[in-house]
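Report on one structure; see the data block that follows.
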2 protein chains.
Amino acid sequence: MTTTLRDVARHAGVSVKTVSNVVNDHPHVSDEMRRRVREALGALGYRPNLAARTLRTGRTGLLALVVPDVEAPGLHGLVREVVRAATSQGFRVVVEHLGAGTGRPAPSRSGAPPGVDAVLLGADPVPPGLVDAHLRTGTPLVLLGESGDPRCDQVCVDGTRAAADAVEHLVRTGRRRIAAIGARPGLASAPAQPRILGYRRALRRAGLDPPTGYVRPIAEDRHEDGYRAARWLFAREDRPDGVVCHSDRLAVGALRAAADAGLRVPGDVAVIGFGDSAEGGYSRPTLTSVSADPALLAREAVTLVTARLDRPDAPPTRITAPHAILPRESTRPAG
Amino acid sequence: MTTTLRDVARHAGVSVKTVSNVVNDHPHVSDEMRRRVREALGALGYRPNLAARTLRTGRTGLLALVVPDVEAPGLHGLVREVVRAATSQGFRVVVEHLGAGTGRPAPSRSGAPPGVDAVLLGADPVPPGLVDAHLRTGTPLVLLGESGDPRCDQVCVDGTRAAADAVEHLVRTGRRRIAAIGARPGLASAPAQPRILGYRRALRRAGLDPPTGYVRPIAEDRHEDGYRAARWLFAREDRPDGVVCHSDRLAVGALRAAADAGLRVPGDVAVIGFGDSAEGGYSRPTLTSVSADPALLAREAVTLVTARLDRPDAPPTRITAPHAILPRESTRPAG
DNA sequence: TTGAAAGCGCTAACAG
DNA sequence: CTGTTAGCGCTTTCAA
């Protein structure tokens with residue numbers, strides 16, 4: 001049924017090795033041979049058996065992209081760019097949801113999923129124990145995001161700086177009462193949570209320490225969470241005149257809350273998001289956003305993988321990807 | 001370095017076969033054996049070599065999800081749901097961009113990507129020749145979308161009915177001049193393009209045949225394409241009072257165009273989209289949308305795959321997934 | 001119920 | 001430059 005190298009070899013009247021050489025573009029094959037083999041390859045419709053190749057070489061050519069959920073916020077464009085970057089560097093991408101496995105144990109528990117050359121982890125925060133589990137398996141792991149681990153390769157955005165930049169942007173447009181939406185409830189108290197840290201730091205530097213309750217936790221990262229948090233903020237006596245949202249999705253929810261509360265954006269309140277989603281570019285008003293370049297992140301991550309596969313014992317590399325503020329209508333200077 | 005079945009067997013003092021039986025939960029193993037083997041498995045940190053297993057069994061446990069682009073519109077929620085459905089049925093998902101391969105030939109040309117048990121194709125329209133290429137490889141192919149092919153399994157939405165429903169919905173809210181945004185330029189003339197067909201049919205039945213130019217082609221499926229098409233429509237003498245957009249993304253672009261043109265939605269013009277994206281639920285105004293349930297689509301598709309793998313020669317199955325209109329602000333009855 | 005051995009398709013070491 | 005061959009780790013007859 002399926003054509004093997006041997007079939008092709010027989011058909012072309014050459015040895016298996018030669019066919020293999022042709023298939024893999026190895027040198028030291030005469031043009032005449034190459035031509036003949038190519039012909040046989042085509043005639044028989046040869047398709048390489050990846051499993052056999054993998055068994056022999058130890059390389060699958062597969063990268064696992066492990067994320068909480070493909071559509072999780074903060075991931076805008078990342079999946080696409082990882083697929084692109086991986087493809088262009090000769091890998092294919094297996095998408096895996098964190099903790100999704102009903103059958104086998106979830107990757108979060110067992111460490112690296114089997115059958116891949118490396119794992120890209122796009123989860124913030126990194127589930128506890130995951131890094132250790134990986135380290136035990138020996139499969140290279142690259143962290144993508146804002147939180148890191150000194151023991152593995154990572155390409156990350158400086159969340160503290162990014163949040164501070166967002167605050168400074170709002171201050172520059174004349175805002176004084178700046179709130180934040182998007183702290184993870186479980187981590188709200190951890191002072192190290194990078195964005196909250198940056199938010200507080202920037203406000204302190206500006207002499208604008210926020211009142212209690214200005215940092216709103218959310219359950220999940222959905223429009224409605226942003227909406228609810230914003231409604232709550234807008235109902236306060238000391239209503240904020242600027243809101244930093246930890247994703248564009250939350251920010252769009254906040255925009256709607258402002259409208260429902262009869263507030264004008266940016267007149268009464270400015271809103272800034274994270275992630276530069278397409279949605280934010282077409283919301284009303286259009287949304288200012290802080291973002292890194294997902295294509296860059298993805299390329300760097302895949303490059304890290306190849307480097308790691310070449311030298312498994314090199315010390316971990318940490319790459320910091322730049323971020324930028326994309327100013328749009330939602331933060332136009334007031335007045 | 002890596003632990004093999006033989007290592008475990010030696011460690012437990014049993015044969016390879018017995019270890020294999022335990023790993024695969026085969027019956028006919030005494031409890032005592034099982035216990036001892038389990039222990040050895042754990043102690044040595046055994047991890048099965050998927051490549052070897054695949055080479056032997058012919059099954060990779062991998063499904064390729066081939067799409068134009070992970071973030072392509074019309075795919076809202078599909079990738080996530082395919083990953084979920086596949087996981088729960090024991091598969092993993094390799095995401096492949098159509099024609100993305102810079103190295104090897106793109107899957108659109110060579111047929112099925114190698115090393116997967118089946119291919120799910122989420123591309124509308126299906127690239128010409130792709131189905132033939134697949135058929136030649138023998139890898140099962142399941143089509144997801146609105147266009148189909150009688151030669152392979154498919155789970156699809158009735159695009160003609162869906163578009164007709166959208167038009168009827170607008171008519172019911174009192175609209176008379178109904179335009180459409182989203183015809184693919186290359187196919188604009190093909191009368192079979194299902195949505196355009198449904199659009200025209202429903203209008204004809206309502207005695208509201210559209211004037212020339214009311215069907216706007218777009219280059220891609222982005223906000224700005226919807227925006228531009230809508231601006232053009234709104235600048236006409238016979239400005240439409242209802243617009244059917246072939247994706248939510250286009251529709252959100254159209255909403256913005258309406259605002260920029262000084263038109264109120266739904267007062268002056270109603271807008272309806274396709275896909276029930278989260279974005280449409282939080283746009284201003286919120287967007288009415290026609291959609292199928294992506295989770296259902298995905299589950300059916302994976303079920304089709306397993307059925308096909310069990311009986312390769314069964315006749316192709318076609319499943320039609322239901323769709324529904326989710327009425328929101330953008331199509332509230334006028335007046 | 002368990003063990004021994006063959007072989008899936010491929011690559012790489014070695015021989016010619 | 002080309003051919004022969006061993007063996008990657010696993011499943012699975014077949015025999016005990």
Side-chain angles (χ1 to χ4, degrees), chain A residues 1-41 44-62 90 104 114-117 137-139 309, chain B residues 1-41 44-62 90 104 113-117 137-139:
Chain A
M1 184 57 230
T2 68
T3 320
T4 78
L5 278 190
R6 267 195 19 195
D7 299 333
V8 179
R10 195 162 29 217
H11 186 97
V14 301
S15 84
V16 183
K17 165 68 169 150
T18 303
V19 181
S20 173
N21 280 341
V22 172
V23 169
N24 296 315
D25 272 330
H26 281 192
H28 306 309
V29 181
S30 71
D31 288 355
E32 165 58 9
M33 275 280 122
R34 195 180 302 277
R35 200 194 50 70
R36 234 166 65 205
V37 172
R38 285 254 166 76
E39 199 170 331
L41 247 17
L44 300 185
Y46 172 77
R47 317 187 69 226
N49 180 320
L50 261 29
R53 183 177 291 172
T54 295
L55 184 56
R56 195 64 246 256
T57 62
R59 292 284 173 93
T60 63
L62 251 32
R104 314 159 220 197
V116 299
D117 290 341
T137 68
T139 308
L309 290 173
Chain B
M1 186 55 230
T2 68
T3 320
T4 78
L5 278 190
R6 270 203 8 203
D7 299 332
V8 178
R10 194 162 30 220
H11 187 96
V14 300
S15 85
V16 180
K17 163 70 168 152
T18 303
V19 182
S20 172
N21 280 340
V22 172
V23 169
N24 296 315
D25 272 330
H26 281 191
H28 305 309
V29 181
S30 71
D31 288 356
E32 165 58 11
M33 274 281 121
R34 196 181 302 276
R35 200 193 50 71
R36 232 164 70 204
V37 172
R38 285 256 166 74
E39 198 171 331
L41 246 19
L44 300 185
Y46 172 78
R47 315 187 70 226
N49 180 319
L50 261 29
R53 183 177 290 174
T54 295
L55 184 55
R56 197 64 246 258
T57 63
R59 290 284 172 91
T60 63
L62 253 33
R104 314 158 220 198
V116 298
D117 290 340
T137 69
T139 307

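None of these values were measured; they are calculated from a predicted model. In the text below, chain A, chain B and the rest are named by the order of the sequence lines, each starting its count at 1.
The nearest whole Å value for the distance from the CG atom in A:Asp7 to the C1' atom in C:dC10 is 13 Å. In this structure, B:Arg6 places its CZ atom 12 Å from C1' of C:dA4, rounding to the nearest Å. Atom CG in B:Asn24 sits about 8 Å away from atom P in D:dT12, given to the nearest Å. A straight line from CG of B:Leu5 to C1' of C:dA6 spans 16 Å, rounded to a whole angstrom. B:Arg56 places its CZ atom 8 Å from the C1' atom of D:dC10, with the value rounded to the nearest Å. Atoms NE2 (B:His26) and P (C:dG3) sit 16 Å apart, rounded to a whole Å.
Using five terminal pairs a side, the axes of the helix from C:dT1-D:dA16 to C:dG16-D:dC1 at its two ends make an angle of 30°, given in steps of 10 degrees.
Partners of A:Arg56 according to the side chain to side chain contact (heavy atoms under 4.5 Å, CB included) rule, which considers only residues two or more places apart in sequence or in another chain, do not exist here.
Picking from D:dT2, D:dG9, C:dT11 the nucleotide with the shortest atom distance to the side chain of A:Arg53 gives C:dT11. With D:dT11, C:dC10, D:dT2 as the choices, the nucleotide that has an atom nearest any side-chain atom of A:Asn49 turns out to be C:dC10. Among D:dT2, C:dC10, D:dT11, the nucleotide with an atom closest to any side-chain atom of A:Tyr46 is C:dC10. Checking D:dG9, C:dT1, D:dT11 against the side-chain heavy atoms of B:Ala52 singles out D:dG9 as nearest. Closest to the side chain of B:Leu55, from the set C:dG9, D:dC10, D:dT11, is C:dG9.
Contact check, A:Thr2 against C:dG9: a side-chain N or O comes under 4.0 Å of OP1 or OP2. Taking side-chain N and O atoms only, B:Ser30 has a distance below 4.0 Å to OP1 or OP2 of C:dT2.
Remark: the backbone N or O of A:Arg59 is not paired with any side-chain donor or acceptor of A:Asp117 at under 3.5 angstrom. When atom types are taken as modelled, the side chain of B:Thr54 and the backbone of B:Leu50 share a donor-acceptor pair closer than 3.5 angstrom.
Using a cut-off of 4.0 Å between Lys/Arg side-chain N and Asp/Glu carboxylate O, B:Glu39 and B:Arg36 are scored as not salt-bridged.
Other residues, nucleotides and ligands place more than 12 heavy atoms under 6.0 Å from the CZ atom of A:Arg34.
Between B:Asn21 and B:Lys17 there is a side-chain heavy-atom pair separated by less than 4.5 Å. A heavy-atom distance below 4.5 Å is found between the side chains of B:Thr139 and A:Arg47. Taking 4.5 Å as the limit, some side-chain heavy atom of B:Val22 sits within range of a side-chain heavy atom of B:Arg38.
Taking a 4.0 Å limit (strictly below) on heavy-atom distances, residues 10-23 of chain A reaches DNA chain C at A:Val16, A:Lys17, A:Ser20.
Exactly one residue among A:Val23, A:Val37, A:Thr2, A:Val19 makes a side-chain contact (heavy atoms from CB on, under 4.5 Å) with A:Tyr46. That residue is A:Val23.
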